[in-house]
Amino acid sequence: MALVPEAYYQFVMDYAPYVYVIPPDTPDPESGRAAFSAAFAIDFLHEAYSAVQFESRRAEISNKIASLADWILTQQCTDDGKFAYGGFKSNEDSTQYYAVDACRVVPALLKAYEHTGTVAYLDAARLAGATFLYNMQHKPSQLGVHDKYYGGFARAITIADVWLQQMDIECLYGLVGLKMLCESDPSNNSKYESMINDAVGFCRYGFENLYLYYNPLPTGDGDWHRIGLNETTVYDDVFAYAMLGLYAYEGWSATVQNAYSFLNAIKASVQYPAYNPAICWAGYIDVVARVPACDYYDAVTSGILWQIRKNRDKPSFELSMQIVDKHQDEFMFWGVKHADYSPIEAKKALTTVCWLGLFYLNYESSTTRFTQILRSKGETVTLYPVIEAEDQTSYGEAIDIKAIVSPTRSEEVLIEPGYAINDYVAIYIFAPLKHHDKIDWKGSFCNLQQEVSIISRVIVHPKYRTIGLGARLVRETLHLAGTPYVEMMAVMAKHNPFAEKGGMQKIAEQKPSKEAQRISEALMQLGFNLQFLGSNRYVKEKLESLTVTQLATLKSAFIKNAHPRLLKEFEACQNRAYGNKADYMSGVESADLPKMVKLIKVLSVLLQSKIYLFKNLDTAFGSEQKRRVI
């Protein structure tokens with residue numbers, strides 16, 4: 001857990017249930033107070049109550065939870081003659097009762113009941129779920145507002161019983177509360193389960209195809225919709241809420257995984273080069289062109305997505321917290337610009353602060369085998385995120401990250417016809433960076449080239465080989481690479497074309513270098529069997545059998561045929577991009593038996609013929625931890 005900024009806690013205590021606050025301390029009169037703001041404040045305070053950070057403030061937290069829950073009750077329609085019965089006003093002056101507001105409020109009321117034992121909160125949650133949401137799901141078809149029963153919730157009803165008939169995928173967030181009601185109100189368990197199944201059954205298509213709402217007949221057109229002139233754009237927070245609800249219900253299902261991967265893989269564009277979806281999502285996203293559709297982040301998504309990212313996308317989880325924590329005050333505003341995190345409007349948002357407060361309360365530094373290696377073996381490099389990449393490239397403020405950097409010189413590697421590289425630096429990081437970001441490594445600046453992902457190795461247990469699992473692993477994970485291109489260099493691909501069967505294309509075969517072949521000829525003349533060069537024991541025994549003259553002949557062969565990879569085996573060459581021939585010669589001449597064993601082991605790898613395979617992906621999903629820096 002990270003410490004919640006004091007300003008966040010005090011903001012909630014001072015201003016909930018107001019929706020917005022205009023700095024320095026004026027609640028926004030236009031938006032006023034709202035039940036959903038009170039609900040999100042309860043969600044945050046309920047969890048803060050158990051945190052050690054707020055141990056001395058538990059009494060005031062309890063009082064605030066009770067006062068917010070009491071206020072929510074004043075916003076509930078208690079007229080059983082109205083279709084809005086059990087719903088909550090969208091704000092204190094509104095006459096509209098939205099289904100999504102009930103979805104947001106039910107979990108908070110149940111938490112308030114758990115916290116205080118006040119039965120009125122439980123009763124209000126039951127009324128909102130079993131009556132209001134049930135009616136919003138069923139009444140429209142009974143009244144002819146919808147041409148048939150769909151299973152989705154009508155958007156809203158006014159106090160005058162006028163319907164807003166559209167059905168929003170955001171109401172999938174209601175699965176959180178309905179699932180809680182199954183336990184808190186067991187007498188209606190079957191009713192809630194039926195509501196959940198019907199809602200999921202209807203909304204899944206819209207969610208999976210990235211639509212915002214369905215407009216049913218007879219007054220609508222009977223089709224799914226987004227927004228914008230060409231209906232290519234969606235609201236980010238709608239999908240974040242819907243995704244969280246579905247995740248709470250069915251976990252990391254294919255539906256949740258694919259939607260998250262798709263949206264989180266929509267990267268920076270020429271128009272908005274500073275955008276990084278790992279921080280949070282843009283307020284508007286064009287899901288057809290796959291680009292951000294505005295120049296600002298919707299700050300709340302950093303908080304809404306914390307649970308999914310903590311469990312399923314730790315690099316984004318880490319980077320998001322690093323940025324939010326560095327810009328605590330800016331992220332209290334509802335929208336911040338990609339380029340410098342400055343607010344786009346002078347309104348601090350209670351909902352955003354509450355969700356970010358939950359993010360802080362649940363933050364833990366990610367511990368994986370890779371992060372353990374980074375912490376023990378990595379070095380600190382400085383990242384400069386690109387914020388402008390047109391006529392003149394410019395960069396934003398620096399971020400320090402851990403990385404393992406490997407200067408490398410390769411034989412010419414074809415990326416695709418017409419594009420090849422010879423030299424590059426491989427950087428292993430635990431952060432989702434962007435194409436054209438800049439890394440300061442030991443005073444040298446390198447631009448990130450994030451177009452290519454690398455399949456380093458495919459391993460299948462011996463028990464399950466020969467049944468096509470290798471090809472299937474490649475085929476079913478290519479779309480998760482997160483880059484438009486995927487490359488693979490494999491020795492086994494020469495003998496077993498599993499990668500080609502998995503959808504990759506064989507581009508070239510890399511034969512052993514002339515240097516490696518000449519050293520191998522010297523080894524054969526000394527009686528070595530090249531098939532066993534990978535065995536340390538075999539090589540050690542053969543070296544021990546050599547005379548002083550024969551060992552000198554072997555070392556001479558290594559010196560005369562200095563392959564760049566062999567140079568890297570000597571400490572004096574490791575911090576230089578291509579090593580140093582003089583240091584290599586000296587190292588070989590003084591090499592002891594273990595070092596010669598290691599050199600021959602490296603040679604055995606260099607003697608292998610490698611197949612280079614390539615895949616050009618039409619779509620991009622996921623994130624990759626290995627990035628190439630050109």
Side-chain angles (χ1 to χ4, degrees), residues 4 8-21 27 31-51 54 57-80 84-94 96-133 173-185 188 192 241 245 248 303 349-355 357-358 361:
V4 178
Y8 285 25
Y9 171 78
Q10 205 56 54
F11 186 80
V12 175
M13 296 299 289
D14 290 345
Y15 296 110
Y18 283 100
V19 178
Y20 298 114
V21 174
S31 301
R33 297 180 293 180
F36 72 85
S37 291
F40 291 140
I42 290 173
D43 289 341
F44 164 66
L45 293 172
H46 177 70
E47 203 156 322
Y49 181 86
S50 301
F54 300 110
R57 305 184 189 185
R58 287 178 176 172
E60 66 181 19
I61 290 175
S62 290
N63 291 336
K64 185 67 175 179
I65 289 174
S67 68
L68 288 170
D70 288 341
W71 185 82
I72 287 175
L73 298 188
T74 68
Q75 303 301 294
Q76 188 169 37
C77 178
T78 55
D79 184 347
D80 60 6
Y85 181 49
F88 302 92
K89 296 178 183 179
S90 61
N91 67 41
E92 59 186 332
D93 297 322
S94 177
Q96 295 180 324
Y97 296 76
Y98 279 78
V100 73
D101 284 330
C103 294
R104 294 162 171 169
V105 169
V106 167
L109 286 175
L110 293 175
K111 291 172 186 176
Y113 167 65
E114 177 188 335
H115 191 85
T116 65
T118 303
V119 177
Y121 306 153
L122 174 60
D123 291 340
R126 288 171 174 163
L127 184 62
T131 300
F132 177 71
L133 284 176
Y173 184 72
L175 303 181
V176 175
L178 291 172
K179 187 177 177 181
M180 293 172 68
L181 280 169
C182 286
E183 298 181 4
S184 301
D185 185 19
N188 283 310
Y192 297 131
Y241 281 121
L350 190 86
T351 294
T352 299
V353 173
C354 291
W355 276 106
L358 286 168
L361 287 171

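Computation of the quantities below employed the complete heavy-atom set of this structure, encompassing side-chain atoms and omitting hydrogens, waters and symmetry-equivalent molecules.
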Do [X] and [Y] have side chains that get closer than 4.5 Å, going by heavy atoms?
X: Asp101; Y: Lys89; answer: no
X: Tyr113; Y: Asp123; answer: no
X: Tyr15; Y: Pro27; answer: yes
X: Leu45; Y: Tyr9; answer: yes
X: Val4; Y: Phe44; answer: yes

> Can Trp71 and Leu68 be said to form a side chain to side chain contact (heavy atoms under 4.5 Å, CB included), step by step?
Replying inline: CA-CA 5 Å; Trp71 185 82; Leu68 288 170; 5.7 Å; no
Closest heavy-atom pair and its distance - [X], [Y]:
X: Ala120; Y: Leu73; result: CB-CD1, 4.1 Å
X: Tyr97; Y: Phe132; result: O-CZ, 3.7 Å
X: Tyr49; Y: Ser62; result: CE1-OG, 3.3 Å
X: Tyr192; Y: Gly129; result: CE2-C, 4.0 Å
X: Pro107; Y: Val176; result: CG-CG1, 4.0 Å
X: Gly357; Y: Tyr8; result: N-CD2, 4.4 Å

> Between Ser31 and Asn91, does a side chain to side chain contact (heavy atoms under 4.5 Å, CB included) hold up when you go through it step by step?
Replying inline: CA-CA 7 Å; Ser31 301; Asn91 67 41; 5.8 Å; no
Between [atom1] on residue [X] and [atom2] on residue [Y], distance to nearest 0.5 Å:
X: Met180; Y: Leu109; atom1: CE; atom2: CG; answer: 9.5 Å
X: Phe36; Y: Tyr98; atom1: CZ; atom2: OH; answer: 11.0 Å
X: Asn188; Y: Leu178; atom1: CG; atom2: CG; answer: 11.0 Å
X: His46; Y: Glu114; atom1: NE2; atom2: CD; answer: 4.0 Å
X: Asp14; Y: Lys64; atom1: CG; atom2: NZ; answer: 7.5 Å
X: Tyr121; Y: Ile42; atom1: OH; atom2: CD1; answer: 8.0 Å

>> Could you check whether any side-chain N or O of Glu47 sits under 3.5 Å from a backbone N or O of Leu361, counting only pairs where one atom can act as donor and the other as acceptor?
In response: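 No, the answer is negative, given that no donor and acceptor are paired below the 3.5 Å cut-off.
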> Ignoring hydrogens and geometry, is there a side-chain-to-backbone donor-acceptor pair from Gln76 to Gly87 under 3.5 Å?
Replying inline: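 Not a single qualifying donor-acceptor pair exists.
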>> Let's go through Leu122 and Ser184 carefully: what are the C-alpha distance in whole Å and the side-chain angles of both, what is the deciding distance for side chain to side chain contact (heavy atoms under 4.5 Å, CB included) to 0.1 Å, and is it a yes or a no?
In response: CA-CA 8 Å; Leu122 174 60; Ser184 301; 4.0 Å; yes
> After noting the C-alpha distance and the side-chain angles of Leu350 and Phe40, does the key distance pass the side chain to side chain contact (heavy atoms under 4.5 Å, CB included) rule?
Replying inline: CA-CA 8 Å; Leu350 190 86; Phe40 291 140; over 6 Å; no
>> When you measure from the centre of the six-membered ring of Phe88, is the NZ or CZ of Arg104 closer than 6.0 Å and no more than 45° off the axis?
In response: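 No, a cation-pi geometry is absent between Arg104 and Phe88.
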